[in-house]
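Input: a single structure, listed below in C-alpha cells.
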Amino acid sequence: MAEFLLSLVIIIAALGGLGLGRVLGRPGIRGSCGGLAGTAKDSCPCRDATREEPSP
C-alpha cells in the first residue's frame, strides 16, 4: 500500500509540474515522429520543422 501511495504522489507531482509549466507560459508537450504518428502522411511535426522529404 505504501508503494502505491508513493507512486501516486510522484505521478501527481509530475503532472502538477507539467501543468504549472504550461500555466507559466512554457510550450506544451509535442509528439514525436515515432510509432503510429509517423504513419500519417502530413502530420509529422519533425518533418514540418526540418522540411525533410519522407523516406520511401
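Model, not experiment: these values are computed from the prediction.
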query: Hey, quick one: are I12 and L20 part of the same hydrophobic cluster, counting side-chain heavy atoms closer than 4.5 Å, chains of contacts allowed?
result: no
task: Answer with yes or no whether the hydrophobic clustering places L15 together with V9; edges join I, L, V, M, F, W, Y residues whose side-chain heavy atoms lie under 4.5 Å apart.
output: no
message: Applying side chain to side chain contact (heavy atoms under 4.5 Å, CB included), can you list everything that pairs with I10, at least two apart in sequence or on another chain?
response: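 Per chain and number, I10 pairs via side chain to side chain contact (heavy atoms under 4.5 Å, CB included) with L6.
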